Amino acid sequence: MTPLAKWCILFLVLYVTTLLAVGIYNSRKTRLARENQDEQYFLGGRKIPVFVLAISFTTASLSAGGFMGDPAMSATMGWSYFWIIVTATPGQILGTLILLRRIREYSADLSSLTIPEFLGKHYQSSALRIIAAVAMLGFYLFILVGQFKGIATLIESYIGLPFNVCLFGGAALILLLVILGGINSTAWADFIQAIPMITICVVLFIASMKAVGGFSGLEEGMGAISPKLLEVVNPAGSGEMFTLSGVIGSYVYWIALFVCQPYLCAKFMAVPDASRKNIGKFILFSQALMPVFGSLFIVGMCGAVLYPDVVAENPDSIAIAMASNLLPSVLAALMMIAILSAIVTTATSILLTLGQAVGNDIYRAIKPNAPAASVVKLTRISSIIIACIVIAFNLVSTPDFLSIFIYMGANGVGSCIAVPLLFALYWKKASKEGAIFTSVAGPVIYLLVNQQTFYPLNMWISCTISIAITCICMILISKAVDKKKSSERVCA
Amino acid sequence: MQTWQIMLSLLAIGYIVGGVLTILYVLRDPARKKEVKKQ
């Protein structure tokens with residue numbers, strides 16, 4: 001056994017033990033709660049500290065894509081791909097300022113524990129609640145399939161255990177964290193997992209920059225490979241991701257679609273109180289980590305200069321190859337834990353949200369007076385069933401492990417929920433009919449535009465167009481409904 | 001200016017704009033203004 005494999009096994013045992021200890025310790029609040037058991041399980045009784053929720057927000061938003069897919073894309077696309085980080089910070093700050101206070105206050109006023117429940121109660125429509133829950137089940141399931149496969153592939157490649165053993169082991173860990181204590185366990189586990197993620201980002205960035213000869217050496221090396229890698233904005237009509245329209249679309253994605261994701265909005269809803277001081281704290285802690293994780297984009301570019309063969313053969317493995325070649329065994333093993341943490345933080349948040357979609361959103365929409373204990377029980381059972389379905393998908397046909405799956409899933413849910421949610425928070429005249437129409441039409445329009453059915457467009461501008469069209473539909477339908485109701489009142 | 005300088009400058013501008021927005025949002029809190037008036 002190689003020294004790297006030995007360190008990996010040691011870290012893996014430590015990692016699993018720590019996570020289970022954190023999960024079990026924090027699950028006691030849910031276990032001991034006699035009243036509002038559902039609020040404890042879904043939102044931690046709205047008592048989880050802001051800094052824990054903020055860090056959980058950032059770590060959950062990073063998945064395997066952040067540690068493998070994004071460095072790979074940076075290595076092949078160059079500096080233009082860095083626009084994701086440039087647009088993410090102001091976009092997420094603006095999105096948080098727009099959403100956090102209103103979501104926290106309005107959802108508490110309506111005693112809502114999830115985004116579909118809030119939408120259903122606000123628009124007085126069980127149908128809308130079920131549509132949002134079903135869209136989440138459909139789109140997020142694909143993200144979860146990719147994350148489970150990521151865990152199995154990662155442990156298999158580092159330690160050499162069989163794929164299926166790694167798949168079942170990873171699924172068991174994620175499931176235990178979710179069913180033990182809901183958000184109490186997952187948020188604190190996310191917080192702990194930020195430590196290896198931050199450590200490896202900093203260490204790998206320093207080692208990469210040293211190896212490539214600083215930023216000037218990186219610039220020279222990339223220019224020698226291809227001048228395309230040094231483009232700030234890709235030329236219009238080049239078919240690349242970050243043309244000027246792609247940059248604008250990227251801002252819209254972070255402000256409107258990304259922050260509206262129900263598994264991230266759950267962190268907003270769980271904040272103890274929505275004072276502006278707390279919102280400021282949330283932004284400070286969540287955004288302070290962004291440049292640290294963004295450094296992996298630069299690591300990917302260094303990889304293009306240092307290991308062009310790896311990039312040509314399997315770009316997804318560039319960050320792992322760099323950790324193995326540039327760092328001592330102990331730190332290279334920590335890379336495995338960092339990627340594992342990135343996957344587990346996302347997978348736990350999404351699995352919890354999917355369990356809630358069945359237990360709270362679909363079941364409670366059908367049985368409004370269901371007791372809290374039975375909703376929590378059904379949520380736990382649903383989480384187990386969903387995990388089994390995801391394992392089955394991976395056993396029958398393992399999908400390609402691509403970042404694009406994550407963006408597609410997030411865009412699908414975002415285009416269903418973002419417009420009804422934003423209008424519920426900011427426009428009193430938004431109607432139930434408009435909300436139902438946009439929640440169904442949003443994903444359809446997004447898929448049509450993104451599949452380049454009518455005109456070749458990149459995925460960022462596709463988001464913007466689908467959001468713009470659904471906003472117009474919402475306004476027109478709501479105005480028409482309002483006019484019809486006014487004329488009925490006059491006739492009466 | 002080299003590409004890396006342009007991109008890192010854009011990142012810094014994003015942080016400054018986001019930071020200023022957040023600080024203004026926190027400082028212009030109506031609840032905080034009432035507290036200051038009471039004091």
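What you see below is based on every heavy atom in this structure, not just the backbone, and it leaves out hydrogens, waters and symmetry mates. These figures come from a predicted structure and were not determined experimentally.
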### Message
Treating A:Glu219 as the side-chain partner and B:Thr3 as the backbone partner, does any N or O pair qualify as donor plus acceptor under 3.5 Å?
### Response
yes

### Task
Pick whichever of A:Ile85, A:Leu97, A:Ile283, A:Asn278 has the most heavy-atom pairs under 4.5 Å with chain B.
A:Leu97

### Query
Highest number of heavy-atom pairs under 4.5 Å with chain B: which of A:Arg276, A:Gln287, A:Glu231, A:Met222?
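Highest number of pairs under 4.5 Å: A:Arg276.
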
### Task
Under 4.5 Å heavy-atom distance to chain B, tell me which part of A:Met301 shows up: side chain, backbone, both or neither.
neither

### A:Thr87 versus chain B, the contacting section by heavy-atom distance below 4.5 Å
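Contact with chain B involves no heavy atom of A:Thr87 at all.
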
### Task
Please look at B:Leu10 and chain A and tell me whether the side chain, the backbone, both or neither of the residue comes under 4.5 angstrom of a heavy atom of that chain.
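Its backbone and side chain both get close to chain A.
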
### Task
Supply the atom-to-atom distance A:Ser286 OG to A:Phe57 CZ, rounded to the nearest 0.5 angstrom.
6.0 Å

### Task
Hey, could you give me the SG/CZ distance between A:Cys201 and A:Phe67, rounded to the nearest 0.5 Å?
4.0 Å

### Message
Minimum heavy-atom separation for A:Gly246 and A:Trp460, please, with both atom names.
### Response
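In this case the closest contact between A:Gly246 and A:Trp460 is O-CB, 3.4 Å.
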
### Task
Would you name the heavy atoms of A:Leu229 and A:Met77 that are closest together and state the gap between them?
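The pair with the smallest heavy-atom distance is CD2-C, 3.7 Å.
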
